[in-house]
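Remember, predicted model here, so these are calculated numbers, not experimental data.
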Amino acid sequence: MEVINGLNLKDTELRLGLPGAQEEQQQQQVSCVRSNNKRKNNDSKEESAPPPPAKTQIVGWPPVRSNRKNNNKNVSYVKVSMDGAPYLRKIDLKMYKNYPELLKALENMFKFTVGEYSERQGYKGSGFVPTYEDKDGDWMLVGDVPWDMFSSSCQKLRIMKGSEVPPAL
Amino acid sequence: MNYFPDEVIEHVFDFVVSHRDRNSISLVCKSWHKIERLSRKEVFIGNCYAINPERLIGRFPCLKSLTLKGKPHFADFNLVPHEWGGFVLPWIEALARSRVGLEELRLKRMVVTDESLELLSRSFANFKSLVLVSCEGFTTDGLASIAANCRQLRELDLQENEIDDHRGQWLNCFPDSCTTLISLNFACLKGETNVAALERLVARSPNLKSLKLNRAVPLDALARLMSCAPQLVDLGVGSYENEPDPESFAKLMTAIEKCMSLRSLSGFLEVAPLCLPAFYPICQNLISLNLSYAAEIQGNHLIKLIQLCKRLQRLWILDSIGDKGLAVVAATCKELQELRVFPSDVHGEEDNNAAVTEVGLVAISAGCPKLHSILYFCKQMTNAALIAVAKNCPNFIRFRLCILEPHKPDHITSQSLDEGFGAIVQACKGLRRLSVSGLLTDQVFLYIGMYAEQLEMLSIAFAGDTDKGMLYVLNGCKKMRKLEIRDSPFGNAALLADVGRYETMRSLWMSSCEVTLGGCKRLAQNSPRLNVEIINENENNRMEQNEEDEREKVDKLYLYRTVVGTRKDAPPYVRIL
């Protein structure tokens with residue numbers, strides 16, 4: 001008889017199902033690996049626990065409001081907009097260690113390529129320019145300042161179409 | 001039918017306050033409908049697209065207080081795209097045009113612009129109270145208009161909004177003649193605050209009962225503010241990263257000791273643990289404590305504070321309090337009615353042994369007999385624990401359990417959590433709101449349909465096996481008003497089984513489920529009083545296709561009852577069938 005935490009499970013087990021439902025419940029015990037989009041369906045049923053999920057973040061999970069998520073110093077969500085796209089997105093700057101990682105993530109998210117960066121000429125070649133709003137409310141070109149300075153002062157990101165970029169940038 | 005003159009009936013109706021009761025009264029007969037509608041002061045609209053401003057004003061011309069809710073609940077978790085809707089401007093414009101004597105406006109999940117705030121501030125001479133919860137679209141410039149123009153302002157309450165802080169001087173915009181403030185909450189503002197202007201404002205507001213500061217108000221300013229306002233009942237403290245010097249700390253303690261009316265404490269957006277003891281003297285008076293933003297404080301500091309709060313009725317805290325801390329809560333807070341435990345480590349990456357488990361939940365249920373509302377984020381749960389909780393606390397009205405890892409089973413038996421949640425719904429006959437999580441099959445929904453007779457709102461994520469699950473709920477829970485489902489295998493059969501049902505509900509949300517475009521179209525065809533909205537991620541591709549594949553699954557479905565037909569303000573990627 002299974003006794004856990006002083007509770008005899010069989011005694012306290014509530015039988016709430018409809019008559020004849022008993023069999024169904026016993027079948028549930030085995031298939032504890034549920035299928036979802038992210039995991040394979042044919043894991044061995046002998047495994048007692050499914051393998052830990054990949055560190056991909058599920059959108060909107062866990063269900064906490066954004067201002068709570070940003071309260072944790074380990075995350076820093078900023079909004080990302082791209083000229084012409086209807087959706088704004090959000091990314092966590094703390095997930096990236098340097099500019100190439102960030103730019104690659106942005107390229108994947110919005111399906112574009114950023115041009116080649118040079119200090120003198122900014123981004124050349126693709127027509128898309130990544131910019132950001134800093135703590136003072138000014139719009140700056142991504143890449144000019146050291147990564148740490150950027151990631152602590154960036155409030156918002158905007159990927160501008162090359163034609164919209166003012167000459168000052 | 002009427003034995004009394006209208007004025008007498010109206011006077012009787014004054015005692016009927018709840019919206020539902022007033023709605024019921026208005027259905028009795030034409031005469032009562034008329035008296036009721038002309039005397040109605042407060043109107044609550046749970047979905048701003050269910051009705052329009054013109055009809056609202058036509059029916060309730062004398063309204064003074066309006067509550068509006070816009071986006072669906074899952075918008076709080078970034079599941080609803082930008083610009084979906086929920087704009088308040090048309091409402092304010094219509095109310096202004098009709099010269100409604102608006103005094104109070106409460107908005108939740110709506111898009112509010114500076115333009116709307118400016119119009120609001122100029123259009124209603126007796127405007128007294130603005131409460132914005134989880135709204136966006138405005139800046140501190142909009143707040144400046146409210147401050148400057150609303151001469152009778154008593155309440156400005158900003159809860160968890162996304163506000164662009166232009167670091168302006170909005171606090172300075174309150175005129176010197178403004179002395180009527182009762183409640184001021186700007187905790188969600190991210191920028192710097194003009195502390196001098198704030199101090200002057202507080203000093204000339206003798207009726208101020210509730211004050212919630214943002215990060216930028218430093219410790220010494222807090223001490224001065226509290227000295228000016230010892231009558232405060234509700235205080236939201238800002239942020240003190242550094243340890244205070246002894247003199248500032250002493251001043252703070254003196255100020256706090258004088259605040260004998262303080263009953264509610266919140267904020268602590270960033271706080272050095274050494275600041276907490278300053279609050280010990282008033283802990284015995286507290287009935288509400290919100291430490292859920294205090295990410296840097298460890299469990300033992302929290303415990304020391306909570307041990308003094310014997311009268312606590314409401315506690316919001318982070319899971320860093322641990323099972324040990326919850327045991328202290330259970331032993332100390334015998335008056336506790338509402339508990340919310342939020343996750344401190346949102347991505348579940350750290351191996352956090354101090355976080356809460358099912359043990360803490362059971363302890364709370366055993367120690368706090370008056371508990372009726374709970375929101376609990378944790379990493380693991382068991383059926384045995386939930387069964388024990390149900391036995392200890394049959395009085396739950398709201399029960400929201402969020403196990404951080406989707407599909408996670410009972411961590412001891414590896415079974416699904418169907419029996420545990422089943423016990424909850426069977427024992428808690430008054431349950432009105434439920435959120436389920438962990439590994440769940442159709443069985444849990446059978447239980448919910450059978451037992452949760454009072455259930456009005458149900459949130460489902462990563463649960464169920466087949467359409468039967470959703471059908472059990474729709475067939476069983478007669479009082480269901482809001483059903484929101486994500487990432488669960490419910491499809492057209494469940495969606496279409498009883499289309500008339502949706503007119504008895506406020507709304508249904510289904511995202512990443514199995515419903516198809518064809519199913520949604522069939523649903524919309526026979527339902528003129530439902531708006532069926534489809535949101536698809538790849539809207540660019542969709543618009544180019546000439547042939548629609550009706551077997552295509554729909555990313556997001558949001559349907560709601562309405563008496564005013566299709567809305568005109570939807571963005572291009574929202575398709576209303």
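Using a 4.5 Å cut-off between heavy atoms, B/Glu83 makes no contact with chain A at all. Heavy-atom distances place the backbone of B/Ile403, and not its side chain, under 4.5 Å from chain A. Contact of B/Ala75 with chain A is not made at all, since no heavy-atom distance falls under 4.5 Å. For B/Ser134, the part lying near chain A is the side chain, with the backbone staying farther off; criterion is any non-hydrogen pair under 4.5 Å.
Between B/Phe77 and B/Phe74, the ring planes are tilted. Angles from 30° to 60° get that label.
In plain terms, the two heavy atoms of B/Ala388 and B/Val362 that are nearest each other are CB-CG1, 4.2 Å.
With sequence neighbours left out, B/Pro81 forms a side chain to side chain contact (heavy atoms under 4.5 Å, CB included) with A/Tyr87, B/Ile535, B/Tyr573. Applying the side chain to side chain contact (heavy atoms under 4.5 Å, CB included) test to B/Thr139 and every residue at least two apart in sequence or in another chain returns B/Asp114, B/Asp141, B/Asp164, B/His166.
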